[in-house]
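Lettering of chains follows the sequences in order, A, B, ..., and the numbering in each one begins at 1.
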Protein chains: 2
Amino acid sequence: MTRGRPIAFSPDEAASAAMQVFWARGYDSASTRDLLEAMKISRSSLYQAFGNKEQLFLEALRRYRGNLIDRLNRQLEASPSAMHFLQELFGQTALEAGSERAALGCLIFNSASELGQRDDIPSIEAKRSVQAITALFHEAVVRSQAEGDIASDRDALALATYLTLGMAGLRTLLKSGADPAQTRAAAELLLDTLR
Amino acid sequence: MTRGRPIAFSPDEAASAAMQVFWARGYDSASTRDLLEAMKISRSSLYQAFGNKEQLFLEALRRYRGNLIDRLNRQLEASPSAMHFLQELFGQTALEAGSERAALGCLIFNSASELGQRDDIPSIEAKRSVQAITALFHEAVVRSQAEGDIASDRDALALATYLTLGMAGLRTLLKSGADPAQTRAAAELLLDTLR
DNA sequence: TTATATATGGACCTATCAGTCCATATATGT
DNA sequence: ACATATATGGACTGATAGGTCCATATATAA
């Protein structure tokens with residue numbers, strides 16, 4: 001079988017660039033022209049390689065989710081304790097207050113907020129991504145219970161949902177330009193509940 | 001002075017209809033055609049009465065904020081205690097889980113999420129609106145401290161920020177279609193922190 | 001070398017966007 | 001009644017949206 005002209009760009013890098021655009025601008029507001037410019041490919045290549053804008057978004061969201069969950073899992077494993085992991089995660093996130101990074105938020109919560117009331121595939125994928133975060137938190141809570149930092153009779157699923165709520169709220173606070181000191185204090189209050 | 005042809009619609013009702021559209025669709029995704037249809041006025045009337053889409057959005061957001069803060073203030077005053085008010089507010093909101101209302105979210109947090117990284121007037125107004133919610137919670141915390149339900153040595157501003165974080169997170173959870181029971185449990189955990 | 005298969009650039013398509021314009025309608029003050 | 005001022009319907013504008021098309025480029029298999 002002949003193979004035809006080879007692809008001239010890295011689909012991986014292109015998808016990564018698209019992810020950044022959707023992250024910064026949101027799904028609807030990211031135009032195909034924005035995407036093309038960031039991905040540095042031609043319009044033909046985008047449709048050839050990714051199908052259409054919706055499929056490209058799904059690819060970008062899944063990539064973001066994969067990267068995030070993998071990174072968090074690694075951090076969880078490397079932490080002296082699951083509680084320490086949670087404290088670092090929320091603490092470091094709160095420290096972003098006022099920065100440009102803070103204004104970006106998290107692609108998953110951004111998407112859940114933007115697409116929550118649709119019932120198309122991007123909306124479903126956004127919800128699935130939020131669930132993946134809750135699953136990660138659930139793992140952390142269960143470990144923390146095993147390590148004795150959280151009472152083992154407490155509902156791990158409820159605590160995991162509570163942590164997802166907390167991270168979503170924290171990200172909204174950061175987007176709202178809340179006072180850094182108050183944001184840090186609020187994040188500390190959040191974790192006090194676990195003890 | 002002559003007065004010219006009188007306006008044929010209620011600017012109040014029209015603005016209210018516009019608010020619903022921005023609430024359901026977001027700022028960018030709400031097209032002027034969507035707005036016109038919901039407001040039941042002509043294109044000329046929209047631009048004549050409200051200036052442009054951005055100003056109409058600001059009017060809608062301020063209206064939403066005014067309505068919300070007024071209503072919450074009334075509920076706070078009518079409550080047997082500020083703590084009871086907070087429990088009702090978070091409890092009732094959590095009960096929306098799974099409903100269409102839940103998918104709508106709150107126009108203020110929706111806007112903060114969508115517009116957070118801009119630096120135009122709508123973005124500033126969204127942030128101002130989040131601050132208004134924090135101010136309301138601050139009032140409730142201070143009252144609750146006076147009523148003895150919250151220790152008076154605790155930082156009322158930090159607690160208010162924490163409650164804003166909590167409501168923003170709860171709204172995101174509702175938008176993500178989280179399990180109703182888990183959502184309610186998470187909302188209860190949120191308020192446990194106050195005691 | 002040639003046939004084949006895939007990739008690419010960029011012109012092009014229709015739909016829709018926010019916003020403007022103007023003729024016409026409808027009120028008031030004299 | 002008439003001059004004046006504001007409101008309205010709807011056609012229109014240029015810009016931009018997502019997506020298609022096709023001629024051309026560039027690889028491989030025979």
Side-chain angles (χ1 to χ4, degrees), chain A residues 1-61 111 114-115 118 120-123 125, chain B residues 1-61 111 114-115 118 120-123 125:
Chain A
M1 208 44 183
T2 63
R3 286 212 318 195
R5 179 173 173 177
I7 209 169
F9 60 94
S10 154
D12 224 62
E13 285 175 23
S16 189
M19 184 187 81
Q20 299 285 340
V21 174
F22 283 123
W23 191 358
R25 317 248 291 114
Y27 176 52
D28 267 342
S29 292
S31 73
T32 51
R33 285 171 173 79
D34 292 333
L35 292 162
L36 257 29
E37 192 179 351
M39 298 165 82
K40 284 179 231 161
I41 63 175
S42 79
R43 184 163 287 266
S44 301
S45 300
L46 190 157
Y47 285 88
Q48 170 85 4
F50 298 101
N52 58 25
K53 183 181 171 182
E54 178 175 308
Q55 288 174 270
L56 177 59
F57 173 75
L58 293 175
E59 171 63 32
L61 179 56
S111 301
E114 180 184 0
L115 311 174
R118 302 193 192 182
D120 53 7
I121 300 169
S123 174
E125 200 65 19
Chain B
M1 206 48 182
T2 63
R3 288 209 318 192
R5 179 174 174 176
I7 208 169
F9 60 93
S10 155
D12 224 62
E13 285 175 24
S16 188
M19 184 187 83
Q20 298 286 340
V21 173
F22 283 123
W23 191 358
R25 316 249 291 114
Y27 176 51
D28 267 342
S29 292
S31 74
T32 51
R33 281 175 173 79
D34 292 334
L35 292 162
L36 258 28
E37 192 180 351
M39 299 165 81
K40 284 179 234 166
I41 64 175
S42 80
R43 184 162 288 265
S44 301
S45 300
L46 190 158
Y47 284 90
Q48 170 85 5
F50 299 101
N52 57 26
K53 182 182 170 180
E54 178 176 307
Q55 288 175 272
L56 177 59
F57 173 75
L58 293 175
E59 170 64 31
L61 180 55
S111 301
E114 179 184 0
L115 311 173
R118 303 194 191 181
D120 54 5
I121 301 170
S123 174
E125 199 66 19

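- Separating the CG atom of A/L46 from the P atom of D/dC21 is a distance of 16 Å, rounded to the nearest angstrom.
- Atom OH of B/Y47 and atom P of C/dG19 are 4 Å apart (whole Å).
- Picking from C/dT8, D/dT8, C/dA18 the nucleotide with the shortest atom distance to the side chain of A/I7 gives C/dT8.
- No more than 12 heavy-atom neighbours from other residues, nucleotides or ligands sit within 6.0 angstrom of CD on B/E13.
- Comparing D/dT26, C/dC17, D/dT8 by their closest approach to the side chain of B/S31 singles out C/dC17.
- Between the OG1 atom of B/T32 and the CG atom of B/L56 there is a distance of 10.0 Å, given to the nearest 0.5 Å.
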query: Which letters describe nucleotides 9-14 of chain D, given B = protein heavy atom under 4.0 Å from base, S = only from sugar-phosphate, - = neither?
result: BBB---
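- For the OP1/OP2 pair of C/dA18 and a distance below 4.0 Å, the side-chain nitrogens and oxygens of B/T32 include at least one atom meeting the criterion.
- Counted within 6.0 Å of CD on A/E37, heavy atoms from surrounding residues, nucleotides or ligands total 12 or fewer; the atom is thus considered open.
- Taking atom NZ on B/K40 and atom C1' on D/dT8, their separation rounds to 17 Å, with Å as the unit.
- How far CG of B/L35 is from CZ of B/R25: 9.0 Å, rounded to the nearest 0.5 Å.
- Because its NZ or CZ atom is not both nearer than 6.0 Å to the ring centre of B/F22 and within 45° of the ring axis, B/K53 does not count as a cation-pi partner of that residue.
- A/E37 places its CD atom 13 Å from the P atom of D/dT16, with the value rounded to the nearest Å.
- Across the protein-nucleic acid pair, A/R25 atom CZ and D/dT16 atom P stand 12 Å apart, rounded to whole Å.
- C/dT16 atom C1' lies 13 Å from atom NZ of A/K53, rounded to whole Å.
- A straight line from CG of A/L56 to P of D/dG19 spans 10 Å, rounded to a whole angstrom.
- Side-chain atoms of B/K40 never come within 3.5 Å of backbone atoms of B/F9 as a donor-acceptor pair (strictly under, hydrogens ignored).
- To the nearest angstrom, P of C/dT16 lies 16 Å from CG of B/L35.
- The closest donor-acceptor contact from the side chain of A/E114 to the backbone of B/G26 lies at 3.5 Å or more, if one exists at all.
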